[in-house]
2 protein chains.
Amino acid sequence: MKSLSEAVRRGELHTADCPSRDELKHASSLWGVLCLLALRGETLRFSELRRRATGVSEKMLAQTLKRLEKDGLVERVAHPVVPPHVEYSLTSLGQGLTEHVAALADWIEFNLPEIMAARRATGDLTEPVQ
Amino acid sequence: MKSLSEAVRRGELHTADCPSRDELKHASSLWGVLCLLALRGETLRFSELRRRATGVSEKMLAQTLKRLEKDGLVERVAHPVVPPHVEYSLTSLGQGLTEHVAALADWIEFNLPEIMAARRATGDLTEPVQ
DNA sequence: CGGTATCCGTACTGATACTG
DNA sequence: CAGTATCAGTACGGATACCG
């Protein structure tokens, strides 16, 4: 099987038979990434998750969790008690993905000084951030 | 310094002193990822890149490349010839990032069957993929 | 507590036209 | 060829309010 990067090279990422791209888009959404990282190694409730992925709105969090659950990356367990209690955790599939996401996130964190330096050197002369 | 995943766990990702998140957002934009993957191991011209990251509009591609260049991940070399000739390639910094992105992309590709199976089992009763 | 429904602004997209 | 500029349509994200 060819790799995704191979597929990119051949321009095969738009066809309907390549759902990798959808999944790539899902996995690379900011909130998706933040949820995965937050759930790494622990089980969290909705509100805890909301605190972890600071800045997420309830709507986006709910939507993101739904998609992650739908993709089999996150498991949702609702306890039918009077104050609702719902717990989210990574499935084994989600754990596998999260390892890669965490590696990427940590790379960014580690190399941030260099990135910031580059940004200062090349960029904002021409244009403000955007 | 602590890792990004650690930071997520402590809910420290919204403060101004944590630009990792911006960078994470950049790096995880679909077009950004596709550009990085396309440039992996080779130098491409604008139009080639456009063909690779199929579906991107000229506007978005230009915008994405600018950001990647500004962050020091992609190098832009313009040859001042009559039919303009511009080449894009990864910087060493960009190569480092792209390795991780590619690892993640390939993981997705490899595990896609399982993801699709999960999606069918849990999800699309409520909503079409979109 | 754990969401859903609604509104609204921004960002993205696609098409087209223009420049060097 | 490699963009930039502009416009109109759409989708996405955020804030608020409300429900079980």
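Lettering follows sequence order; numbering is per chain, from 1.
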Where the side chain of A/T91 meets the backbone of A/G72, is there a donor-acceptor pair that is under 3.5 Å apart? yes

Rounded to the Å, how far apart are B/L65 CG and D/dG3 C1'? 11 Å

Could you state the NZ-C1' distance from B/K25 to C/dC12, rounded to the nearest angstrom? 13 Å

hbond_proxy B/K59 side chain to C/dT13 base (donor-acceptor, 3.5 Å cutoff): yes

To the nearest Å, give me how far apart CG (A/L44) and C1' (C/dC1) are. 15 Å

Contact nearer the 5' end of DNA chain C, comparing A/R45 with B/P84: A/R45

Between atom CG in A/D22 and atom P in D/dA11, what is the gap in whole Å? 15 Å

Rounded to the nearest angstrom, tell me the gap between atom CG in B/L61 and atom P in D/dC1. 14 Å

Given D/dG3, is OP1 or OP2 found less than 4.0 Å from the side-chain N or O atoms of B/Y88? yes

I'd like to know if A/R76 pairs up with A/E87 as an ion pair, taking the criterion as any Lys NZ or Arg NE/NH1/NH2 lying under 4.0 Å from an Asp or Glu carboxylate oxygen. no

Can you name the closest pair of heavy atoms from A/A53 and A/L34 and give their distance? CB-CB, 3.9 Å

Rounded distance (Å) that lies between atom C1' of D/dG20 and atom NE2 of A/H85: 17 Å

Would you indicate what A/R76 reaches in the nucleic acid, counting non-hydrogen atoms under 4.0 angstrom: base, sugar-phosphate, or nothing? sugar-phosphate

Is any side-chain N or O of B/S57 closer than 4.0 Å to OP1 or OP2 of C/dC12? no

How about A/R40 and A/E99: do any of their side-chain heavy atoms sit closer than 4.5 Å? yes

Length of the CG-C1' vector between A/L30 and C/dT10, whole Å: 16 Å

Determine the contact category for B/E58: base if any of its heavy atoms lies under 4.0 Å from a base atom, sugar-phosphate if only primed atoms, P, OP1 or OP2 are that close, otherwise nothing. base

Given C/dC12, is OP1 or OP2 found less than 4.0 Å from the side-chain N or O atoms of B/W31? no

Ion pair check, A/E114 and A/R119, cut-off under 4.0 Å: no

Roughly, in whole Å, what's the span from CZ in A/R50 to C1' in C/dG2? 10 Å

Proximal nucleotide (of D/dG13, C/dG2, D/dG3) relative to the A/M60 side chain: D/dG13

Under 4.0 Å between a side-chain N or O of B/K66 and OP1 or OP2 of D/dG3? no

State whether A/Q63 places a side-chain N or O below 4.0 Å from either non-bridging phosphate oxygen (OP1 or OP2) of D/dC12. no

